[in-house]
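Single-structure report; data block below.
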Amino acid sequence: MQISTRFTMAVHVLVAIGHFEGQRATSTFLAKSVNANPVVIRRIMGQLKEAELIVVEMGLGGATLARPASEITLLDVYRAVESTEEHLFHFHEGSNTECPVGRNIHAVLDDELDTAQRALEDRLAQTTLADLLARTDALVAQQAQE
């Protein structure tokens with residue numbers, strides 16, 4: 001299973017909102033940074049707003065972070081924009097119970113998939129938006145010196 005581009009686009013949007021703090025972060029402005037259609041960005045912003053990661057002022061107000069960047073993790077973003085299904089890996093249905101593999105594949109694979117999902121979620125929980133903003137600022141400063 002592949003995580004959709006909504007996740008990386010949502011992270012991009014949040015980093016841009018944080019980086020350009022004090023400027024109006026409208027969907028049109030953010031769409032230019034992401035190089036995406038503003039409608040797509042508005043949809044993502046709606047999900048981020050619903051998850052209480054951003055506050056959006058209607059009209060030309062734009063978006064701001066709903067809480068400090070140090071309190072927003074990649075796991076928060078992932079949960080805001082990706083499927084609300086409980087499991088990352090969707091197991092195929094209807095294995096042949098007459099087959100020894102089909103009858104036992106869940107018992108063999110379920111723990112592995114759950115462990116992989118926990119590892120992903122644990123890693124995403126370790127990185128905050130503040131971490132990404134610091135890395136972005138360092139790269140911008142380095143590029144300015146070149």
Side-chain angles (χ1 to χ4, degrees), residues 1-96 102 104-146:
M1 168 177 254
Q2 188 177 35
I3 295 173
S4 75
T5 59
R6 283 187 313 270
F7 174 67
T8 54
M9 291 173 84
V11 172
H12 186 144
V13 163
L14 289 169
V15 171
I17 290 169
H19 181 77
F20 294 107
E21 187 177 22
Q23 297 182 39
R24 288 186 310 176
T26 64
S27 59
T28 302
F29 175 82
L30 296 167
K32 288 178 184 174
S33 178
V34 178
N35 199 21
N37 188 306
V39 172
V40 172
I41 299 305
R42 279 192 288 276
R43 197 172 311 128
I44 289 171
M45 289 174 71
Q47 291 175 300
L48 295 172
K49 179 182 175 185
E50 187 175 317
E52 300 179 348
L53 299 180
I54 62 172
V55 175
V56 180
E57 288 185 43
M58 300 309 283
L60 296 176
T64 55
L65 298 178
R67 56 185 190 245
S70 61
E71 296 177 15
I72 299 173
T73 68
L74 290 180
L75 182 59
D76 296 326
V77 181
Y78 170 77
R79 288 182 174 158
V81 300
E82 287 299 328
S83 173
T84 58
E85 292 178 25
E86 189 175 323
H87 298 285
L88 176 63
F89 299 97
H90 182 72
F91 215 106
H92 60 281
E93 302 296 325
S95 294
N96 182 352
N104 294 298
I105 193 65
H106 270 285
V108 171
L109 196 51
D110 282 349
D111 285 344
E112 292 298 321
L113 298 179
D114 288 343
T115 300
Q117 181 170 343
R118 278 193 307 277
L120 171 66
E121 291 176 353
D122 288 347
R123 182 64 187 108
L124 292 176
Q126 292 175 28
T127 303
T128 67
L129 186 57
D131 297 329
L132 299 179
L133 284 164
R135 292 180 205 162
T136 300
D137 291 345
L139 287 170
V140 169
Q142 177 185 351
Q143 292 162 354
Q145 293 177 357
E146 293 175 353

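- Between Gln117 and Glu121 there is a side-chain heavy-atom pair separated by less than 4.5 Å.
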*asked:* Between Leu53 and Leu65, is the side-chain contact (heavy atoms from CB on, under 4.5 Å) condition met? List the steps.
replied: CA-CA 6 Å; Leu53 299 180; Leu65 298 178; over 6 Å; no

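- Thr8 contributes a side-chain N or O that, together with a main-chain N or O of Thr5, makes up a donor-acceptor pair within less than 3.5 Å.
- Phe7 places a side-chain heavy atom less than 4.5 Å from the side chain of Leu74.
- Going from atom CZ of Arg43 over to atom OG of Ser27 covers 12.0 Å, rounded to the nearest 0.5 Å.
- The minimum heavy-atom distance between Leu30 and Ala25, with the atom names listed, is CD1-O, 3.8 Å.
- Proximity of Thr128 to Ile72: side-chain heavy atoms (C-beta onward) are nowhere separated by under 4.5 Å.
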Give every donor-acceptor pair under 3.5 Å between a side-chain atom in residues 137-146 and any protein atom, sequence neighbours left out.
| residue | atom | partner | partner atom | Å |
| --- | --- | --- | --- | --- |
| Asp137 | OD1 | His19 | ND1 | 3.2 |

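- Shown here for Gly102 and Ser95, the closest heavy-atom pair between the two residues is O-CB, 3.3 Å.
- We find the CG-CG distance between Leu109 and Asn104 to be 12.0 Å, quoted to the nearest 0.5 Å.
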*asked:* Checking Ile41 against Val13 for the side-chain contact (heavy atoms from CB on, under 4.5 Å) test, could you report, in this order, the C-alpha distance in whole Å, the side-chain angles of both residues, the deciding distance, and whether it holds?
replied: CA-CA 8 Å; Ile41 299 305; Val13 163; 4.2 Å; yes

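- Using a 4.5 Å heavy-atom cutoff, the side chains of Gln47 and Arg6 are in contact.
- Under the 3.5 Å distance criterion, with hydrogens and angles disregarded, a donor-acceptor pair is assigned to the side chains of His12 and Ser33.
- Side-chain atoms of Thr64 and Glu21, non-hydrogen and from C-beta on, never get closer than 4.5 Å to each other.
- Looking at Leu120 and Arg123, their side chains never come closer than 4.5 Å, going by heavy atoms from C-beta outward.
- In this structure, the side chains of Val56 and Ile54 come closer than 4.5 Å at one or more pairs of heavy atoms.
- A ring pair (Phe, Tyr, Trp, His ring centres under 6.0 Å) check over residues 23-60, counting only residues at least two apart or in different chains, returns the pairs Phe20-Phe29.
- Rounding to the nearest 0.5 Å places CZ of Arg24 at 14.0 Å from CD1 of Ile17.
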*Val77 vs Glu82, side-chain contact (heavy atoms from CB on, under 4.5 Å): CA-CA, chis, key distance, verdict*: CA-CA 8 Å; Val77 181; Glu82 287 299 328; over 6 Å; no

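- Between Arg67 and Asp76, at least one side-chain N (NZ, or NE/NH1/NH2) sits under 4.0 Å from a carboxylate O, which counts as a salt bridge.
- When the shell of 6.0 Å around CD of Gln126 is examined, it contains more than 12 heavy atoms from other residues, nucleotides or ligands.
- Between Met9 and the options Leu14, Asn35, Ile44, a side chain to side chain contact (heavy atoms under 4.5 Å, CB included) holds for only Ile44.
- What you find for Asp131 and Thr127 is that their closest heavy atoms are OD2-CA, 3.5 Å.
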